[in-house]
Amino acid sequence: MIYRAAFPLLGVLATITLWEALSVLNAGSFVIAGPVDVALWLRANASLVGHASAATLSAAFWGFVWGNLAAGAIAILVIVLPRTERFISFAALVIFCLPIVATGPILRVLYGTGTGPQITLAALAVYYTTYLALVVGLRAVPTGWTDLVHLYGRGPLTILRVVRARACAPYLLAGLQIAAPAAVLGAMVGEFTGAERGLGVLTLRAMAGLDVVATWSIAVVAATVSILAYLGIGALSRLRGEGPPVLILSTGSPGARDPFLRRMVEAIGITLLLLLIWQVAMDAFGLSQFFAKRPGDVLTYLGDPVARNTLLGALWETLIWTVPGYAAGLVLGAGLAAALTLLPGTAGLIMPLAVMFRSVPIITTAPLLVLALGRGATGTITIVAIMIFFPSFVACLHGLAQTPGQVRDVFASYGASRLRLLVSAQIPAMLPAFFASARMAVPAALLAVTTTEWLATGRGIGALMALTSSTSDYNMLWSAVVAVALVAVAAYLLVERAERWILSSYAAEQLA
Amino acid sequence: MHNNDMATHDIIASGLSKSFGGASPVDALAPVDITFHAGQTTALVGPSGCGKSTLLRLIAGLETPTKGTVMIGDETPRDLAHRGGIGMAFQDASLLPWRSVHGNIALALQLARQPFDAAAIDDLIALVGLEGFADARPAALSGGMRQRAAIARCLVTSPELILLDEPFGAVDELTRARLGSELPPLWRARGTTAILVTHSIAEAVTLSDRVIVLSPRPASVIADIAVEGRTTADIENGMDAVSRTLAAAA
Amino acid sequence: MTSFTPLTRRHVLSTGAATLGLGALGISPAIAQTTDVALQLSWLHSVQFAGSYIAQERGFWRDEGLNVALNPGGPNAPVEPPVVAGRALVGISAADYASAAVAQGAPFKIIGVAMKKNPFAIASLPANAVRTPADLVGKRIGMAIANTPVLQALCTLNDVDINDIEIVPTQYDAAPLLNGQVDCLLCWATDLPVAMAMQGVESVTMLMADHGYSVHSQTYIATIDSIANRRSDVVGLLRGEVLGWAEYEADTDAATDLTLAMFPDAGLDPATQREQARRQIPLMFPDDASDPFGWFTQESVAANIETLALLGRDVSPDLWDRSLLEDVYA
Ligand SMILES: Nc1ncnc2c1ncn2[C@@H]1O[C@H](COP(=O)(O)OP(=O)(O)OP(=O)(O)O)[C@@H](O)[C@H]1O
Ligand SMILES: [Mg+2]
């Protein structure tokens, strides 16, 4: 027991030692600041950091609240009116994939001054994962529980209130754990749209001023807050007796087995509806056509082959490095999870490391990693992989743990090795979780790559969007937004297809 | 309260059948005509998978019949359910894991829109032998203890009709005997109509006024045996009759 | 949108007050009524906009009947949208960005120029210095790919073949120069060289403006509509700027102190800000120009048009409108 409890602590200590060693080795390269320097800087600038944290965290908090409330509302809508699910799921995915380079300025114009954009971007950063978690959680109700409610003549609303709302709690908490670091990041990026104070402002200032110690210190603050939120929510779920955090198994989009023609018609309908919403939203807010382009503008603009080729060229440049990064992140996550089950106990060592890695905001890590690994393939692929790695690692760990105890016992009774158990029983049990994380990783990968291109490498569609927004080429910006959204949806559907195909041969019972 | 009144209507299943859809439909219940008499306890016995649970669920209004109807007087099962007239103990207990035993029982009152009655709940908990476990979560209970909690939940609303699906399946012999002697008098005194599914012929005969023997899937009625008196001889005769019918059908 | 009603009301009031002789009683019309307007800055708060802070602090705008909000910018806060949308009356842009926006249909005019000399510079280390464009030959230059046209323009203006320079794409950061990955950086004279100086690294800066690169920077832009219909507000805002920046020129250290006092939470480093404030002076108030703050000459407009053409922008002289400045200085 003591041995177990000491592991996380050891993990933290190991990380700090490694970090200090790296910083000493790289002294003078303006890349890494070590924990000692960070601690000293934080002490010297305590009040500055305090005010900045207060500003960012309050925006992150409200974004977290609003984003999760919105996620709750649309998840309930989907449960009560299942027919809306396909549309809502796609709209949610598309909105989640909207690049901040495009949404930031619009939000700033809509809100004028103040923290509106920060809060909104934080909310946008959290609602999607919570929505997915909630839909699964609200659905994950045995028929016996709903029968009980029907037995007393009560309807779906009572089921929602008495059964589903409570049954989804562990899923919700797991979703909120993922959402917490995202909210902090969203609020920081929101400050890029113009703010007087905050951790994002300080990050920009520190990076432009070549102040590596400050850059790292702020990253440490942001990461610490994210980790505390993660742990806090975890503790909350244990306090409520939820047992181990549940696996987020997002159900694939419904109707995936409908006839092809029907799905095509549906897809066209959803697209048209989204375009309509786009047009109407822009008109309703009276946003100037100069920067808030409408579907028609984009269509006309892309009629020009030069524009089209520029866009496709940038998109291609982005994708050739995103796909390997995406794949590497997933494989790394799944592989490490599998390795950990072979060496039980090490999870306690790796977990804090993984959480820390994930919680350092990408706006700090991206430029640093690019500086360390170069603007070429390695840097970009690594950043994407890191962003994908954590969720897939956590999901796969939970998935591996899902192997029913009886199955384990059967294997044990035959004296099968751990490896044998892993390959024949645990990996099949892990697959649904793996694919769920693979689907959720699609927007995460796009977010990571466009942010990296924007802030660090200056290539691909992320840089194109940043450039077009500074040269007011809003036609190109919106075309790029559409392209990114289309890629996201296409990739999502592709992963879903692969999932059905593989699960139908490995874990047919999961395709209820 | 109206549902404390004696049940005055028979439950009439006419031409009732059920098949489960899908690519290859499963006929779970052949068309059956059964009248369950008001205030009586009827046991359903039959081979595993023959459609007993399906029949109970149809009577509870949890499934819609493929053909035929279930009527309770001029009411459908849904109507009766609406006014909290049905109680059911599910085969798998179906307790909500985040509520204590007490909370699970209280939930039935809440769902049936009846006032909270802590004393009644405590009495039932004691009756099913779960004293000391009122605050325990289902995860901390054995399978048999969960079933007993489910029975208490089924009874707490004093329904006109109770449906018990293998309520003592996981309960030990001794407790089963005690429950068998204490529970039926309770619902009989209330005039409740009860339908009980069980695999134990002895239980079927001792607890009920009538035993209906069902054929293998799709279920149809192959024997309808009245258990007249309560003497040892009556019971042995009944058990004989039921066993013989079942053996003949197999 | 700031509505027109208070504007007209203010006019009525102020004229009314003047006729009634209230002005003589020492009651300034501005006290009677002020109009809320916003100035959209192009970056986060810093001494880059210290003249505006002085105008604010000293009440130069209040005297004009204006209550000016100074909206900070940032990497994801282009200036043009809020100005087009009417959220800001005036924005701070640059001739290249403004002309790009106009080409995209934005109805802007440049109504004043805070930095007569463009701050773009080539920074290098003394051991391997770039002092003239010719020194660039054979060097590795770190810059954002997006800025290639800027380097191209400099090369064309100075008869250097851009193919003789190795462009290394880097983010906006001095580290690659200090790590020896590149020999020089394309940057602003007022930021990365200052950052390096603060880290104790002396660097050589070659200002591109000294070698023919003429692009007005930190320009004031307003929509044609505002210029026509809210002219007095725009003029008032410019007048405050002119007064503020005059004080800035007189004492950059005081301007820095004010900036630090106004934005204690912005994470501004006093020494860096002081240095940046000093280095801004030659860009805003060049020795060779006797014009007052904000002013631009026909010659400089012509030179801008030439450089912008090299950047691929076809610009006409009526992008610039000096009439408001003329009102200010009248
Ligand atoms: N929801 C369903 N969908 C498809 N088939 C079903 C469904 N429910 C029951 N069946 C099928 O109907 C048949 C009867 O099932 P039912 O549960 O009524 O049997 P049972 O008599 O209660 O069996 P046991 O004694 O084992 O509980 C079985 O073959 C079962 O597979
Ligand atoms: Mg059954």
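Convention: sequence-line order gives letters A, B, ...; per-chain numbering from 1.
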**Q** Please classify the contact between A:Val141 and chain B as side chain, backbone, both or neither, with a heavy-atom cut-off of under 4.5 Å.
**A**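 Neither part, no heavy atoms under 4.5 Å.
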**Q** Above 12 or not: heavy atoms from other molecules or residues under 6.0 Å from CZ of B:Phe133?
**A**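 Open.
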**Q** What pairs with B:Glu203 under salt bridge (Lys or Arg N to Asp or Glu O under 4.0 Å), at least two apart in sequence or on another chain?
**A**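 Testing B:Glu203 for salt bridge (Lys or Arg N to Asp or Glu O under 4.0 Å), a comparison that skips the adjacent residues, returns B:Arg176.
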**Q** Go through the atoms of B:Leu107 and report whether side chain, backbone, both or neither lie under 4.5 Å from a heavy atom of chain A.
**A** side chain
**Q** Of all the heavy-atom pairs spanning A:Gly144 and B:Ser94, show the shortest one and how long it is.
**A**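 For A:Gly144 and B:Ser94, the tightest heavy-atom pair comes out as CA-OG, 3.3 Å.
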**Q** Please name the pair of heavy atoms, one in B:Pro97 and one in A:Trp145, separated by the smallest distance, quoted to 0.1 Å.
**A**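 Distance-wise, the nearest heavy atoms are CD-CZ2, 3.1 Å.
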**Q** With a 4.5 angstrom heavy-atom cut-off, could you sort out which part of B:Leu62 is near chain A: side chain, backbone, both or neither?
**A** side chain
**Q** Taking side chain as everything from C-beta outward and backbone as N, CA, C, O, which of these in B:Arg57 sits under 4.5 Å from a heavy atom of chain A? Side chain, backbone, both or neither.
**A**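 Just the side chain, heavy atoms under 4.5 Å.
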**Q** Could you tell me which portion of B:Gln91 (side chain, backbone, both or neither) has an atom closer than 4.5 angstrom to a non-hydrogen atom of chain A?
**A** neither
**Q** Is there any residue in residues 146-159 of chain A with a non-hydrogen atom under 4.5 Å from a non-hydrogen atom of chain B, and which ones are they?
**A** A:Asp147, A:Leu148, A:Val149, A:His150, A:Leu151, A:Tyr152, A:Gly153, A:Arg154, A:Thr158
**Q** Tell me if the CH2 atom of A:Trp66 is crowded by more than 12 foreign heavy atoms within 6.0 Å.
**A** no
**Q** Please state whether the side chain, the backbone, both or neither of B:Ala139 comes within less than 4.5 Å of a heavy atom of chain A.
**A** neither
